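As the structure is a prediction and not an experimental result, all values here were calculated from the model. In what follows, chains carry the letters A, B, and so on, assigned in the order in which the sequence lines appear, proteins first and then strands, with residues in each chain numbered from 1.
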Amino acid sequence: MLEIKFVRQNLAAVEAALSRRGQSTGLAAFKDLDARHRSTLQEIEALRHRRNVVSDDIARLRKAGTPAEPLMEEMRAVSARIKELEKAQSDTQEALSAMLMAIPNLPHPSVPEGKDSSDNPVVKTHGTPPRFDFEPKAHWDIGAALQILDFERATRITGARFPLYFGAGAQLERALINFMLDVHTREHGYQEVLPPFVVNRASMTATGQLPKFEQDLFKLEQWDYFLIPTAEVPVTNIHRAEILDESRLPLRYTAYTPCFRSEAGSYGKDTRGLIRQHQFNKVELVNFCTPETSYAQLETLLSNAESILAKLDLPYRVVLLCTGDMGFAAAKTYDIEVWMPAQGVYREISSCSNFEEFQARRAEIRFRRKGKKGTELVHTLNGSGLAVGRTLAAILENGQRADGSVEIPEALRAYMGGLKEINP
RNA sequence: GGAGAGAUGGCCGAGUAGGUCGAAGGCGCUCGCCUGCUAAGCGAGUAUACUCCGAAAGGGGUAUCCCGGGUUCGAAUCCCGGUCUCUCCGCCA
(Lines give C-alpha, C1' and ligand atoms only; values in the text may rest on other atoms or scores of the structure.)
Protein backbone atom coordinates (compact mmCIF):
# COMPACT_ATOMS: atom_id res chain seq x y z
CA MET A 1 0.00 0.00 0.00
CA LEU A 2 1.18 3.48 -0.77
CA GLU A 3 1.00 6.20 1.81
CA ILE A 4 -2.13 8.23 1.43
CA LYS A 5 -0.24 11.50 1.93
CA PHE A 6 2.14 10.52 -0.81
CA VAL A 7 -0.69 9.74 -3.20
CA ARG A 8 -2.39 13.01 -2.31
CA GLN A 9 0.72 15.06 -2.98
CA ASN A 10 1.93 13.15 -6.02
CA LEU A 11 -1.23 12.08 -7.74
CA ALA A 12 0.10 12.78 -11.23
CA ALA A 13 3.38 10.99 -10.53
CA VAL A 14 1.53 7.97 -9.12
CA GLU A 15 -0.69 7.78 -12.15
CA ALA A 16 2.33 8.06 -14.43
CA ALA A 17 4.18 5.33 -12.56
CA LEU A 18 1.17 3.06 -12.71
CA SER A 19 0.72 3.56 -16.38
CA ARG A 20 4.33 2.40 -16.73
CA ARG A 21 3.02 -0.85 -15.31
CA GLY A 22 0.35 -0.89 -17.97
CA GLN A 23 -2.39 -0.28 -15.40
CA SER A 24 -5.29 2.02 -15.65
CA THR A 25 -5.20 3.71 -12.29
CA GLY A 26 -8.83 4.37 -11.51
CA LEU A 27 -7.73 7.25 -9.32
CA ALA A 28 -10.15 9.75 -10.81
CA ALA A 29 -12.28 9.77 -7.69
CA PHE A 30 -9.39 9.86 -5.28
CA LYS A 31 -8.92 13.58 -4.97
CA ASP A 32 -12.55 14.26 -4.30
CA LEU A 33 -12.98 11.38 -1.89
CA ASP A 34 -9.87 12.30 0.02
CA ALA A 35 -10.90 15.93 0.34
CA ARG A 36 -14.34 14.95 1.57
CA HIS A 37 -12.83 12.51 4.02
CA ARG A 38 -10.60 15.15 5.54
CA SER A 39 -13.15 17.90 5.79
CA THR A 40 -15.65 15.57 7.45
CA LEU A 41 -12.93 14.42 9.79
CA GLN A 42 -12.24 17.97 10.84
CA GLU A 43 -15.89 18.57 11.48
CA ILE A 44 -16.21 15.42 13.55
CA GLU A 45 -13.12 16.22 15.56
CA ALA A 46 -14.30 19.75 16.31
CA LEU A 47 -17.61 18.39 17.58
CA ARG A 48 -15.89 15.76 19.65
CA HIS A 49 -13.69 18.41 21.14
CA ARG A 50 -16.74 20.45 22.09
CA ARG A 51 -18.31 17.39 23.63
CA ASN A 52 -15.18 16.58 25.62
CA VAL A 53 -14.96 20.11 26.99
CA VAL A 54 -18.62 20.34 27.90
CA SER A 55 -18.64 16.92 29.49
CA ASP A 56 -15.96 18.13 31.85
CA ASP A 57 -18.05 21.21 32.59
CA ILE A 58 -21.04 19.05 33.37
CA ALA A 59 -18.97 16.98 35.73
CA ARG A 60 -17.84 20.10 37.54
CA LEU A 61 -21.33 21.57 37.74
CA ARG A 62 -22.78 18.40 39.13
CA LYS A 63 -20.04 18.18 41.71
CA ALA A 64 -20.90 21.72 42.75
CA GLY A 65 -24.54 20.76 42.90
CA THR A 66 -25.54 23.01 40.01
CA PRO A 67 -28.04 21.60 37.53
CA ALA A 68 -26.56 20.96 34.08
CA GLU A 69 -29.67 20.04 32.13
CA PRO A 70 -29.30 22.71 29.43
CA LEU A 71 -25.76 21.62 28.62
CA MET A 72 -26.76 17.99 28.57
CA GLU A 73 -29.58 18.85 26.26
CA GLU A 74 -27.16 20.58 23.90
CA MET A 75 -24.77 17.65 24.00
CA ARG A 76 -27.51 15.24 23.09
CA ALA A 77 -27.78 17.07 19.78
CA VAL A 78 -24.03 17.24 19.35
CA SER A 79 -23.67 13.51 19.89
CA ALA A 80 -26.43 12.74 17.45
CA ARG A 81 -24.71 14.90 14.84
CA ILE A 82 -21.39 13.17 15.49
CA LYS A 83 -22.99 9.79 14.99
CA GLU A 84 -24.49 10.94 11.72
CA LEU A 85 -21.17 12.25 10.42
CA GLU A 86 -19.33 9.13 11.56
CA LYS A 87 -21.64 6.98 9.54
CA ALA A 88 -20.99 8.99 6.39
CA GLN A 89 -17.29 9.03 7.20
CA SER A 90 -17.01 5.28 7.47
CA ASP A 91 -18.38 4.94 3.95
CA THR A 92 -15.88 7.34 2.40
CA GLN A 93 -13.16 5.82 4.51
CA GLU A 94 -13.98 2.41 3.14
CA ALA A 95 -14.05 3.60 -0.45
CA LEU A 96 -10.78 5.40 0.03
CA SER A 97 -8.99 2.46 1.56
CA ALA A 98 -10.35 0.10 -1.10
CA MET A 99 -8.87 2.44 -3.64
CA LEU A 100 -5.51 2.54 -1.90
CA MET A 101 -5.44 -1.22 -1.43
CA ALA A 102 -5.93 -1.68 -5.15
CA ILE A 103 -2.93 0.44 -6.13
CA PRO A 104 0.15 -1.64 -6.88
CA ASN A 105 3.59 -0.59 -5.74
CA LEU A 106 5.53 1.96 -7.73
CA PRO A 107 8.41 0.58 -9.78
CA HIS A 108 11.92 1.59 -8.74
CA PRO A 109 13.59 3.98 -11.22
CA SER A 110 16.04 1.25 -12.23
CA VAL A 111 13.21 -0.96 -13.47
CA PRO A 112 12.99 -0.91 -17.26
CA GLU A 113 9.75 -0.07 -18.94
CA GLY A 114 8.07 -2.90 -20.79
CA LYS A 115 4.76 -4.65 -21.27
CA ASP A 116 5.47 -8.31 -20.60
CA SER A 117 8.17 -10.91 -20.02
CA SER A 118 9.56 -10.48 -23.51
CA ASP A 119 10.79 -7.06 -22.41
CA ASN A 120 12.79 -8.31 -19.42
CA PRO A 121 16.50 -7.69 -19.93
CA VAL A 122 18.90 -10.53 -19.14
CA VAL A 123 21.38 -9.21 -16.60
CA LYS A 124 23.50 -12.33 -16.15
CA THR A 125 24.05 -15.78 -17.58
CA HIS A 126 25.82 -18.50 -15.63
CA GLY A 127 27.03 -21.88 -16.85
CA THR A 128 26.59 -23.47 -20.24
CA PRO A 129 23.64 -25.58 -21.30
CA PRO A 130 24.75 -29.22 -21.53
CA ARG A 131 25.15 -30.80 -24.97
CA PHE A 132 23.47 -34.14 -25.56
CA ASP A 133 24.30 -36.58 -28.31
CA PHE A 134 20.72 -37.76 -28.13
CA GLU A 135 17.36 -36.06 -28.02
CA PRO A 136 16.94 -34.84 -24.40
CA LYS A 137 13.68 -35.91 -22.81
CA ALA A 138 11.28 -33.85 -20.78
CA HIS A 139 11.45 -34.38 -17.03
CA TRP A 140 7.97 -35.90 -16.89
CA ASP A 141 9.06 -38.61 -19.30
CA ILE A 142 12.29 -39.17 -17.42
CA GLY A 143 10.42 -39.31 -14.14
CA ALA A 144 7.87 -41.73 -15.48
CA ALA A 145 10.54 -44.03 -16.95
CA LEU A 146 12.44 -44.02 -13.65
CA GLN A 147 9.16 -44.53 -11.80
CA ILE A 148 9.87 -41.61 -9.49
CA LEU A 149 7.11 -39.29 -10.69
CA ASP A 150 3.49 -40.34 -11.21
CA PHE A 151 1.09 -37.63 -12.27
CA GLU A 152 -1.62 -40.05 -13.37
CA ARG A 153 -2.04 -41.60 -9.96
CA ALA A 154 -1.86 -38.16 -8.37
CA THR A 155 -5.03 -37.21 -10.24
CA ARG A 156 -6.74 -40.20 -8.67
CA ILE A 157 -5.78 -39.06 -5.21
CA THR A 158 -6.70 -35.44 -5.73
CA GLY A 159 -7.01 -34.09 -9.26
CA ALA A 160 -4.95 -32.41 -11.92
CA ARG A 161 -1.78 -30.58 -11.03
CA PHE A 162 -0.73 -32.36 -7.89
CA PRO A 163 2.62 -34.11 -7.68
CA LEU A 164 3.31 -37.65 -6.52
CA TYR A 165 6.89 -38.74 -6.02
CA PHE A 166 8.25 -42.21 -5.36
CA GLY A 167 11.51 -43.65 -4.14
CA ALA A 168 14.57 -41.74 -5.30
CA GLY A 169 12.32 -38.93 -6.54
CA ALA A 170 10.75 -38.39 -3.14
CA GLN A 171 14.17 -38.66 -1.58
CA LEU A 172 15.64 -36.16 -4.03
CA GLU A 173 12.92 -33.62 -3.24
CA ARG A 174 13.63 -34.03 0.46
CA ALA A 175 17.38 -33.83 -0.14
CA LEU A 176 16.94 -30.56 -2.02
CA ILE A 177 14.92 -29.03 0.80
CA ASN A 178 17.56 -29.94 3.36
CA PHE A 179 20.40 -28.88 1.12
CA MET A 180 18.88 -25.46 0.49
CA LEU A 181 18.06 -24.84 4.14
CA ASP A 182 21.55 -25.89 5.18
CA VAL A 183 23.24 -23.59 2.69
CA HIS A 184 21.13 -20.60 3.68
CA THR A 185 21.47 -21.12 7.40
CA ARG A 186 25.12 -22.19 7.53
CA GLU A 187 26.66 -20.18 4.73
CA HIS A 188 24.37 -17.18 4.38
CA GLY A 189 23.34 -16.58 7.98
CA TYR A 190 19.58 -16.95 7.74
CA GLN A 191 17.52 -18.15 10.67
CA GLU A 192 15.41 -21.18 9.85
CA VAL A 193 11.71 -21.01 10.66
CA LEU A 194 8.88 -23.46 10.18
CA PRO A 195 5.67 -21.42 10.00
CA PRO A 196 1.99 -22.33 9.74
CA PHE A 197 0.86 -23.39 6.26
CA VAL A 198 -2.59 -21.92 6.82
CA VAL A 199 -3.04 -18.20 7.50
CA ASN A 200 -5.82 -15.75 8.25
CA ARG A 201 -7.16 -12.91 6.14
CA ALA A 202 -5.15 -10.23 7.90
CA SER A 203 -1.90 -11.97 7.02
CA MET A 204 -2.87 -12.34 3.37
CA THR A 205 -3.84 -8.69 3.25
CA ALA A 206 -0.58 -7.56 4.79
CA THR A 207 1.56 -9.14 2.10
CA GLY A 208 -0.73 -8.08 -0.71
CA GLN A 209 -2.44 -11.30 -1.82
CA LEU A 210 -5.73 -9.86 -0.59
CA PRO A 211 -8.02 -8.19 -1.28
CA LYS A 212 -7.19 -8.30 -4.98
CA PHE A 213 -6.15 -11.87 -5.66
CA GLU A 214 -8.47 -14.08 -3.67
CA GLN A 215 -9.23 -16.16 -6.75
CA ASP A 216 -5.61 -17.34 -6.81
CA LEU A 217 -5.83 -18.81 -3.33
CA PHE A 218 -7.20 -21.97 -1.78
CA LYS A 219 -9.65 -21.01 0.91
CA LEU A 220 -10.79 -23.24 3.73
CA GLU A 221 -14.48 -23.93 4.02
CA GLN A 222 -16.05 -22.71 7.26
CA TRP A 223 -12.91 -20.83 8.25
CA ASP A 224 -11.68 -17.46 7.11
CA TYR A 225 -8.32 -19.11 6.54
CA PHE A 226 -6.26 -19.74 3.43
CA LEU A 227 -3.57 -22.18 2.34
CA ILE A 228 -0.37 -20.26 1.86
CA PRO A 229 0.72 -19.61 -1.74
CA THR A 230 4.27 -18.96 -0.50
CA ALA A 231 6.14 -18.88 2.79
CA GLU A 232 6.46 -15.14 2.23
CA VAL A 233 3.02 -14.77 3.79
CA PRO A 234 3.47 -16.43 7.18
CA VAL A 235 7.11 -15.39 7.52
CA THR A 236 6.59 -11.71 6.71
CA ASN A 237 3.68 -11.69 9.13
CA ILE A 238 5.86 -12.92 11.98
CA HIS A 239 6.52 -9.29 12.79
CA ARG A 240 3.18 -7.79 11.90
CA ALA A 241 2.33 -4.73 14.05
CA GLU A 242 5.71 -4.81 15.73
CA ILE A 243 8.18 -1.99 16.26
CA LEU A 244 11.60 -3.53 15.84
CA ASP A 245 14.83 -2.27 17.28
CA GLU A 246 17.20 -1.02 14.59
CA SER A 247 19.97 -3.19 15.98
CA ARG A 248 18.02 -6.32 14.99
CA LEU A 249 18.05 -5.37 11.32
CA PRO A 250 18.52 -6.85 8.85
CA LEU A 251 16.38 -9.73 10.05
CA ARG A 252 16.72 -12.67 7.74
CA TYR A 253 14.68 -15.86 7.72
CA THR A 254 14.60 -18.94 5.58
CA ALA A 255 11.65 -21.29 5.59
CA TYR A 256 10.63 -24.46 3.85
CA THR A 257 6.92 -24.77 3.17
CA PRO A 258 4.63 -26.37 0.68
CA CYS A 259 2.86 -23.76 -1.43
CA PHE A 260 -0.70 -23.90 -2.70
CA ARG A 261 -1.92 -21.96 -5.70
CA SER A 262 -5.19 -22.31 -7.49
CA GLU A 263 -3.52 -21.13 -10.71
CA ALA A 264 -6.78 -19.61 -11.83
CA GLY A 265 -6.62 -18.59 -15.45
CA SER A 266 -3.62 -20.73 -16.29
CA TYR A 267 -5.46 -23.59 -17.95
CA GLY A 268 -3.60 -24.82 -20.97
CA LYS A 269 -0.24 -23.50 -19.75
CA ASP A 270 2.46 -25.95 -18.67
CA THR A 271 -0.03 -28.73 -18.36
CA ARG A 272 2.64 -31.39 -18.02
CA GLY A 273 5.31 -31.96 -15.43
CA LEU A 274 6.36 -30.20 -12.31
CA ILE A 275 6.41 -26.67 -13.62
CA ARG A 276 2.93 -25.50 -12.71
CA GLN A 277 1.27 -27.39 -9.88
CA HIS A 278 -1.43 -26.57 -7.35
CA GLN A 279 0.95 -27.77 -4.65
CA PHE A 280 4.71 -27.48 -4.66
CA ASN A 281 7.57 -27.17 -2.23
CA LYS A 282 9.67 -24.07 -1.85
CA VAL A 283 12.45 -22.77 0.35
CA GLU A 284 11.95 -19.07 0.84
CA LEU A 285 14.23 -16.25 1.92
CA VAL A 286 12.72 -13.26 3.73
CA ASN A 287 14.49 -10.08 4.77
CA PHE A 288 13.44 -7.12 6.93
CA CYS A 289 15.86 -4.19 6.73
CA THR A 290 16.31 -0.43 6.86
CA PRO A 291 15.26 1.59 3.81
CA GLU A 292 18.76 2.73 2.96
CA THR A 293 20.08 -0.84 2.79
CA SER A 294 17.26 -2.58 0.98
CA TYR A 295 18.67 -2.46 -2.53
CA ALA A 296 22.02 -3.80 -1.38
CA GLN A 297 20.08 -6.51 0.49
CA LEU A 298 18.23 -7.34 -2.71
CA GLU A 299 21.52 -8.01 -4.49
CA THR A 300 22.64 -10.22 -1.60
CA LEU A 301 19.35 -12.08 -1.55
CA LEU A 302 19.62 -12.68 -5.26
CA SER A 303 23.16 -14.02 -4.97
CA ASN A 304 22.09 -16.25 -2.06
CA ALA A 305 19.41 -17.79 -4.26
CA GLU A 306 21.75 -18.06 -7.24
CA SER A 307 24.35 -19.89 -5.20
CA ILE A 308 22.04 -22.89 -4.91
CA LEU A 309 21.94 -23.31 -8.67
CA ALA A 310 25.65 -22.74 -8.94
CA LYS A 311 26.33 -25.45 -6.36
CA LEU A 312 24.03 -27.80 -8.21
CA ASP A 313 25.82 -27.04 -11.46
CA LEU A 314 22.64 -26.01 -13.19
CA PRO A 315 22.90 -23.40 -15.96
CA TYR A 316 20.82 -20.33 -15.28
CA ARG A 317 20.36 -16.72 -16.09
CA VAL A 318 19.02 -13.71 -14.22
CA VAL A 319 16.50 -11.35 -15.73
CA LEU A 320 15.27 -8.03 -14.41
CA LEU A 321 11.51 -7.82 -14.61
CA CYS A 322 10.19 -4.88 -16.57
CA THR A 323 7.40 -2.64 -15.32
CA GLY A 324 4.68 -4.65 -17.03
CA ASP A 325 5.79 -8.03 -15.68
CA MET A 326 6.28 -7.20 -12.00
CA GLY A 327 4.08 -8.46 -9.22
CA PHE A 328 1.56 -6.24 -7.46
CA ALA A 329 3.58 -5.51 -4.33
CA ALA A 330 7.09 -5.34 -5.77
CA ALA A 331 9.18 -2.26 -6.48
CA LYS A 332 11.90 -4.27 -8.19
CA THR A 333 12.18 -7.96 -9.03
CA TYR A 334 14.86 -10.24 -10.40
CA ASP A 335 13.86 -13.64 -11.70
CA ILE A 336 16.34 -16.47 -11.81
CA GLU A 337 15.66 -18.83 -14.68
CA VAL A 338 17.11 -22.31 -14.95
CA TRP A 339 17.92 -24.01 -18.21
CA MET A 340 15.45 -26.71 -19.25
CA PRO A 341 17.04 -28.74 -22.07
CA ALA A 342 13.94 -30.56 -23.32
CA GLN A 343 12.08 -27.36 -24.04
CA GLY A 344 15.28 -25.46 -24.82
CA VAL A 345 14.27 -22.54 -22.66
CA TYR A 346 15.12 -20.90 -19.37
CA ARG A 347 12.31 -21.30 -16.84
CA GLU A 348 11.67 -19.22 -13.75
CA ILE A 349 12.89 -20.95 -10.61
CA SER A 350 13.19 -18.01 -8.25
CA SER A 351 11.80 -14.54 -7.94
CA CYS A 352 13.61 -12.05 -5.72
CA SER A 353 11.88 -8.79 -4.89
CA ASN A 354 12.22 -5.64 -2.88
CA PHE A 355 8.81 -4.47 -1.69
CA GLU A 356 10.22 -1.39 0.00
CA GLU A 357 7.55 -0.09 2.41
CA PHE A 358 4.61 -1.55 0.54
CA GLN A 359 4.08 -4.63 2.67
CA ALA A 360 5.45 -3.04 5.82
CA ARG A 361 2.80 -0.33 5.70
CA ARG A 362 0.00 -2.85 5.38
CA ALA A 363 1.57 -5.06 7.99
CA GLU A 364 2.59 -2.17 10.26
CA ILE A 365 6.15 -3.41 10.61
CA ARG A 366 8.25 -0.53 11.85
CA PHE A 367 11.56 0.13 13.49
CA ARG A 368 13.03 2.75 15.75
CA ARG A 369 16.42 4.28 15.11
CA LYS A 370 18.78 4.58 18.03
CA GLY A 371 18.66 8.07 19.45
CA LYS A 372 15.81 9.18 17.21
CA LYS A 373 12.23 9.82 18.06
CA GLY A 374 9.42 8.16 16.21
CA THR A 375 9.26 5.13 13.98
CA GLU A 376 9.91 4.29 10.36
CA LEU A 377 8.62 1.48 8.22
CA VAL A 378 11.07 -1.30 7.45
CA HIS A 379 11.65 -2.51 3.94
CA THR A 380 10.75 -6.12 3.23
CA LEU A 381 12.25 -8.39 0.62
CA ASN A 382 11.88 -11.98 -0.29
CA GLY A 383 12.96 -14.51 -2.83
CA SER A 384 12.70 -18.18 -3.58
CA GLY A 385 15.77 -20.04 -2.67
CA LEU A 386 14.54 -22.08 -4.57
CA ALA A 387 11.34 -23.61 -5.90
CA VAL A 388 12.08 -27.25 -5.12
CA GLY A 389 9.95 -29.08 -7.69
CA ARG A 390 11.32 -27.00 -10.52
CA THR A 391 14.84 -27.60 -9.27
CA LEU A 392 14.20 -31.33 -9.31
CA ALA A 393 12.85 -31.06 -12.83
CA ALA A 394 15.98 -29.18 -13.89
CA ILE A 395 18.20 -31.83 -12.33
CA LEU A 396 16.38 -34.58 -14.19
CA GLU A 397 16.61 -32.81 -17.52
CA ASN A 398 20.16 -31.48 -17.25
CA GLY A 399 21.56 -34.64 -15.69
CA GLN A 400 19.93 -37.16 -18.00
CA ARG A 401 22.01 -39.67 -19.93
CA ALA A 402 21.37 -41.74 -23.05
CA ASP A 403 20.70 -44.90 -21.04
CA GLY A 404 17.85 -43.18 -19.17
CA SER A 405 19.75 -42.71 -15.93
CA VAL A 406 20.16 -39.33 -14.23
CA GLU A 407 23.28 -38.03 -12.59
CA ILE A 408 22.83 -36.54 -9.14
CA PRO A 409 24.75 -33.29 -8.63
CA GLU A 410 27.73 -33.79 -6.37
CA ALA A 411 26.54 -31.29 -3.80
CA LEU A 412 23.44 -33.42 -3.19
CA ARG A 413 25.01 -36.83 -2.90
CA ALA A 414 25.65 -36.52 0.82
CA TYR A 415 21.93 -35.87 1.20
CA MET A 416 21.12 -38.96 -0.88
CA GLY A 417 23.10 -41.48 1.13
CA GLY A 418 25.97 -41.22 -1.33
CA LEU A 419 23.82 -42.06 -4.35
CA LYS A 420 25.49 -40.80 -7.55
CA GLU A 421 22.79 -41.53 -10.07
CA ILE A 422 19.23 -42.66 -10.40
CA ASN A 423 18.88 -45.73 -12.58
CA PRO A 424 15.85 -47.22 -14.28
C1' G B 1 -17.23 -30.41 22.02
C1' G B 2 -18.48 -28.97 27.68
C1' A B 3 -17.26 -25.63 32.15
C1' G B 4 -14.68 -21.51 34.06
C1' A B 5 -10.95 -17.26 34.11
C1' G B 6 -8.80 -13.37 31.55
C1' A B 7 -7.22 -9.59 27.54
C1' U B 8 -4.41 -2.17 30.07
C1' G B 9 1.66 1.46 27.37
C1' G B 10 8.56 -1.95 25.20
C1' C B 11 7.69 -5.43 29.58
C1' C B 12 5.33 -6.28 34.45
C1' G B 13 1.20 -4.33 36.71
C1' A B 14 -2.69 -0.72 39.45
C1' G B 15 -7.30 1.05 38.23
C1' U B 16 -15.01 -0.89 38.13
C1' A B 17 -20.95 3.05 43.21
C1' G B 18 -19.00 5.77 34.89
C1' G B 19 -16.38 12.17 34.92
C1' U B 20 -10.22 15.72 36.91
C1' C B 21 -7.35 8.39 33.33
C1' G B 22 -3.42 8.43 27.77
C1' A B 23 -4.06 6.06 32.10
C1' A B 24 -0.56 5.02 39.27
C1' G B 25 3.70 2.18 40.45
C1' G B 26 7.81 -0.82 39.02
C1' C B 27 11.23 -2.57 35.26
C1' G B 28 13.63 -1.30 30.85
C1' C B 29 15.53 2.59 27.76
C1' U B 30 17.56 7.87 26.80
C1' C B 31 19.93 12.35 28.58
C1' G B 32 22.29 14.95 32.66
C1' C B 33 24.60 14.92 37.61
C1' C B 34 27.34 12.46 41.25
C1' U B 35 30.77 8.85 42.05
C1' G B 36 34.65 6.26 40.20
C1' C B 37 36.26 1.54 37.77
C1' U B 38 32.90 -2.01 35.10
C1' A B 39 27.91 -1.39 40.98
C1' A B 40 24.88 1.92 43.49
C1' G B 41 22.58 6.87 44.01
C1' C B 42 20.03 11.56 42.26
C1' G B 43 17.21 14.50 38.53
C1' A B 44 14.59 14.80 33.89
C1' G B 45 12.49 12.42 29.81
C1' U B 46 10.33 8.04 27.49
C1' A B 47 3.25 5.12 23.25
C1' U B 48 1.12 5.05 18.37
C1' A B 49 -1.86 6.85 14.40
C1' C B 50 -4.54 10.53 11.97
C1' U B 51 -5.57 15.66 11.27
C1' C B 52 -5.01 21.13 11.44
C1' C B 53 -1.67 25.61 11.81
C1' G B 54 3.60 26.65 10.63
C1' A B 55 9.01 27.59 5.74
C1' A B 56 10.89 25.18 9.99
C1' A B 57 11.43 24.67 15.09
C1' G B 58 7.20 23.75 17.20
C1' G B 59 2.14 24.06 18.58
C1' G B 60 -3.38 22.75 18.56
C1' G B 61 -7.09 18.80 18.04
C1' U B 62 -9.02 13.75 17.67
C1' A B 63 -8.65 8.61 18.35
C1' U B 64 -6.61 4.26 20.68
C1' C B 65 -6.85 0.53 27.87
C1' C B 66 -8.20 -6.97 22.39
C1' C B 67 -12.02 -5.95 18.12
C1' G B 68 -17.14 -4.33 16.74
C1' G B 69 -21.78 -2.48 18.38
C1' G B 70 -24.98 -0.34 22.45
C1' U B 71 -26.42 2.66 26.96
C1' U B 72 -25.02 7.80 28.59
C1' C B 73 -24.10 14.78 28.37
C1' G B 74 -19.69 11.61 29.36
C1' A B 75 -17.08 4.58 29.35
C1' A B 76 -10.55 1.44 30.36
C1' U B 77 -14.73 1.21 33.81
C1' C B 78 -21.89 -0.74 32.46
C1' C B 79 -24.59 -4.03 28.45
C1' C B 80 -24.47 -7.22 23.83
C1' G B 81 -21.64 -9.79 20.00
C1' G B 82 -16.86 -11.51 18.22
C1' U B 83 -11.61 -12.89 18.44
C1' C B 84 -7.63 -14.63 21.16
C1' U B 85 -5.17 -16.65 25.64
C1' C B 86 -5.16 -19.68 30.08
C1' U B 87 -7.25 -23.74 33.44
C1' C B 88 -10.27 -28.23 34.02
C1' C B 89 -13.12 -32.26 31.46
C1' G B 90 -13.84 -34.94 26.77
C1' C B 91 -11.59 -36.25 22.04
C1' C B 92 -7.08 -36.71 19.30
C1' A B 93 -1.49 -37.01 16.04
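By the side chain to side chain donor-acceptor pair (under 3.5 Å) test, E84(A) is found to be paired with R81(A), residues two or more places apart in sequence or in another chain being considered. Scanning for salt bridge (charged side-chain N to carboxylate O under 4.0 Å, His left out) contacts around R36(A) gives D32(A), with sequence neighbours left out. By the side chain to side chain donor-acceptor pair (under 3.5 Å) test, D116(A) pairs with S118(A), sequence neighbours left out. In terms of the side chain to side chain donor-acceptor pair (under 3.5 Å) criterion, residue partners of E306(A) (sequence neighbours excluded) are, by chain and number, K124(A), Y316(A). By the side-chain contact (heavy atoms from CB on, under 4.5 Å) test, A393(A) pairs with H139(A), L274(A), M340(A), sequence neighbours left out. A search for side-chain contact (heavy atoms from CB on, under 4.5 Å) contacts involving A206(A) returns N237(A), R240(A), A363(A), not counting sequence neighbours. Residues satisfying the side chain to side chain donor-acceptor pair (under 3.5 Å) test with T380(A), not counting sequence neighbours, are Q359(A).
Between H49(A) and Q42(A), the residue whose closest nucleotide on RNA chain B is further toward the 5' end is Q42(A). Nearest-nucleotide mapping onto RNA chain B: of K63(A) and I44(A), the residue sitting toward the 5' end is K63(A).
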For this session: At under 4.0 Å between heavy atoms, which parts of nucleotides 69-77 of chain B does protein reach? Answer with one letter per nucleotide, 5' to 3': B base, S sugar-phosphate only, - none.
Result: --S-BS---
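The base-pairing partner of U85(B), taking Watson-Crick or G-U wobble contacts with both distances under 3.5 Å, is A5(B). In this structure, A39(B) forms no base pair with any nucleotide, since neither Watson-Crick nor G-U wobble geometry is met with both distances under 3.5 Å. Using N1 to N3 plus N6-O4 or O6-N4 for Watson-Crick, or N1-O2 and O6-N3 for G-U wobble, each under 3.5 Å, C29(B) pairs with G45(B). Taking a pair to require two hydrogen-bonding distances under 3.5 Å in either a Watson-Crick or a G-U wobble arrangement, G22(B) remains unpaired. Pairing partner, C50(B): G61(B), with both Watson-Crick or wobble hydrogen-bond distances short of 3.5 Å.
The aromatic rings of Y190(A) and H188(A) stand perpendicular to each other, their planes meeting at an angle above 60°, with 30° marking the opposite boundary.
The interatomic distance linking R366(A) (CZ) with G9(B) (C1') rounds to 13 Å, in whole Å. Separating the CD atom of Q93(A) from the P atom of G68(B) is a distance of 12 Å, rounded to the nearest angstrom.
Using atom C1' as the reference point in both U77(B) and U8(B), the two lie 11 Å apart (nearest Å).
R81(A) comes within 4.0 angstrom of no nucleic acid atom, judged by non-hydrogen atoms across all strands. Using a 4.0 Å heavy-atom distance criterion, F367(A) is classed as making no nucleic acid contact. No engagement by R50(A) is indicated, since no non-hydrogen atom pair under 4.0 Å with the nucleic acid exists.
Residue R248(A) has no polar side-chain atom (N or O) positioned under 4.0 Å from OP1 or OP2 of G10(B).
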Are any protein N/O atoms closer than 3.5 Å to N/O atoms in nucleotides 53-56 of chain B? If there are, list each pair with its distance.
none

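Within residues 192-210 of chain A, no residue has any heavy atom closer than 4.0 Å to RNA chain B.
Between F260(A) and F197(A), the distance from one ring center to the other does not fall under 6.0 angstrom.
R51(A) places no side-chain N or O within 3.5 Å of a backbone atom of I82(A) that could act as its donor or acceptor partner.
Residue pairs meeting the side chain to side chain donor-acceptor pair (under 3.5 Å) criterion with at least one partner in residues 413-424 of chain A, sequence neighbours excluded, are D182(A)-Y415(A), R401(A)-E421(A), E407(A)-R413(A), E421(A)-N423(A). Sequence neighbours left out, the pairs with a member in residues 247-267 of chain A that pass salt bridge (charged side-chain N to carboxylate O under 4.0 Å, His left out) are E263(A)-R276(A).
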